[in-house]
Student: 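Questions regarding the structure given below will be posed in turn.
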There are 2 protein chains.
Amino acid sequence: MTLYLVVTIMVTTVVIQVKQISTRFSIAVHTLSLIAVSPKDCTGDFIARSVNTNPVVIRRIMGMLKKAGLVDVRPGVGGATLLKDSDRITLLDVYRAVNATEENQLFRIHDNPNFDCPVGRNIEQVLQAELRDAQSVMEQRLAQTTLDQLIEKFK
Amino acid sequence: MTLYLVVTIMVTTVVIQVKQISTRFSIAVHTLSLIAVSPKDCTGDFIARSVNTNPVVIRRIMGMLKKAGLVDVRPGVGGATLLKDSDRITLLDVYRAVNATEENQLFRIHDNPNFDCPVGRNIEQVLQAELRDAQSVMEQRLAQTTLDQLIEKFK
DNA sequence: TTTTTTGTAATCACTACTGTTATAACAATT
DNA sequence: AATTGTTATAACAGTAGTGATTACAAAAAA
């Protein structure tokens, strides 16, 4: 008689990651830096090569920066120029430009809680005040850094 | 002879929204508040009714809070208790518990930029320092609010 | 043993992100 | 006027996170 002993060990690791802020933001900063340094070269293809992505991705972001009044892009001839001095463009300006939402809320709060419960009845208002503050200090930190300051560090 | 004049007007509005921080965070705060107020009632179903979601959603979040050492959940009998006093649990603790990543980075930076370009070569390091600061001030603001302070406002 | 609850896998529908191809519109050059 | 290089934008695919849901195993008390 033979005894078969089968031992199965399963190790399951589940890593749940929160969605992060899109790379559009860092790509936009990269793009604006290039425009500030050498506006003439800045076609979508040139920027795409520096960023290492597809030109369409750059053009999409350029469209947002244009809509936000940060750059002027010239169709046909190519190239782009800053519409504000680089010491007057902050990371917050760029952040807002590429996130492009009316209510730019970093945190989401679950909705329709049960109003029969004191916690459910109050949580939205109470939490929102706190989270708005937290978002605000983050944004104020972004507002303290200008494109100009970044460019200094690229030399 | 007939002249057909066809005019097509298309108005396209594209709203791009950045991904926000998941409602797991606010649901977790809601859950902990309930546990602090009435630990005995706090079965997954009870909490789910207050939050207005499916009990499985709550059990998943409870699992994260348990893993973070914030609560003790008892299978079978039901109910949960806080493992720390409510004045020693901050919003940052909850935020970290439900985001559950090693490198809990709020911002993403595009990778593999072109190192032949001075901007591409330096952007990651330069931007990362700024964004780490911005994330940090936000988290420090979360750290200033305790569960206890919130509960006070629910009464 | 029965009942209640937790733990967790699996699936679904939805949405956002990023890359890609394709094509139209634009502007300068020839 | 035609050509060339560029921007603008639509469309689609693939990947990934979210949140709801069903299903079932495991745990603990009655």
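Letters A, B, ... are given to chains in the order of the sequence lines, protein chains preceding strands, and every chain is numbered from 1. The shown structure was predicted, so the numbers you read here are calculated from the model rather than taken from an experiment.
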Student: Rounded to whole Å, please give me the gap between CD1 in A:Ile58 and C1' in C:dT20.
Tutor: 14 Å
Student: For B:Val56, which contact category applies under a 4.0 Å heavy-atom criterion: base, sugar-phosphate, or nothing?
Tutor: base
Student: D:dT7, C:dT6, D:dT18: which one has an atom nearest the side-chain heavy atoms of B:Arg24?
Tutor: D:dT18
Student: A:Ile27 or A:Val77: which one's nearest nucleotide on DNA chain C is closer to the 5' end?
Tutor: A:Ile27
Student: Mind calculating the distance between CG (A:Asn54) and C1' (C:dA22) to the nearest angstrom?
Tutor: 12 Å
Student: So, OP1 or OP2 of C:dT18: does either fall under 4.0 Å of a side-chain N or O from A:Thr23?
Tutor: yes
Student: Under 3.5 Å, is there a donor-acceptor pair between the side chain of A:Arg108 and the main chain of B:Ser22?
Tutor: no
Student: For the pair A:Asn99 (side chain) and A:Tyr95 (backbone), establish whether a donor and an acceptor sit closer than 3.5 Å, ignoring hydrogens and angles.
Tutor: yes
Student: Using a 4.0 Å heavy-atom cut-off, does A:Gly78 contact any base of the nucleic acid, only the sugar-phosphate backbone, or nothing at all?
Tutor: sugar-phosphate
Student: Taking CG from A:Asp45 and P from D:dT7, how many angstroms apart are they, rounded to a whole number?
Tutor: 7 Å
Student: What integer distance in Å separates A:Ile61:CD1 from C:dG19:C1'?
Tutor: 12 Å
Student: Starting at atom CD1 of A:Ile47, determine the distance to atom C1' of D:dT7, rounded to an integer number of angstrom.
Tutor: 12 Å
Student: Is any side-chain nitrogen or oxygen of B:Arg60 closer than 4.0 Å to OP1 or OP2 of C:dT6?
Tutor: no
Student: Check every atom of D:dA8, C:dT18, C:dT6 against the side chain of B:Arg108 and return the nucleotide holding the closest atom.
Tutor: C:dT18
Student: Under 4.0 Å between a side-chain N/O of B:Ser22 and OP1 or OP2 of D:dG17, yes or no?
Tutor: no
Student: Whole-Å distance between D:dT6 P and A:Ile35 CD1?
Tutor: 15 Å
Student: B:Arg59 has an atom CZ; how far is it from atom C1' of D:dA25, in whole Å?
Tutor: 12 Å
Student: Check whether any side-chain N or O of A:Ser38 sits under 3.5 Å from a backbone N or O of A:Lys40 as a donor-acceptor pair, and report yes or no.
Tutor: no
Student: Do B:Ser26 side-chain atoms and A:His110 backbone N/O form a donor-acceptor pair below 3.5 Å?
Tutor: yes
Student: Between C:dC17 atom P and B:Phe107 atom CZ, what is the distance in whole Å?
Tutor: 15 Å
Student: Quiz question: by atom type and distance under 3.5 Å, do the side chains of A:His30 and A:Ser50 form a donor-acceptor pair?
Tutor: yes
Student: Is the distance from OP1 or OP2 of C:dT6 to the nearest side-chain N or O of B:Lys66 less than 4.0 Å?
Tutor: no
Student: Base, sugar-phosphate alone, or nothing: which one does B:Gly79 contact when heavy atoms must sit under 4.0 Å apart?
Tutor: sugar-phosphate
Student: Within the pair A:Arg74 and C:dA27, is there a side-chain N or O less than 4.0 Å away from OP1 or OP2?
Tutor: no
Student: Does B:Thr53 put a side-chain nitrogen or oxygen below 4.0 Å from OP1 or OP2 of D:dA20?
Tutor: yes
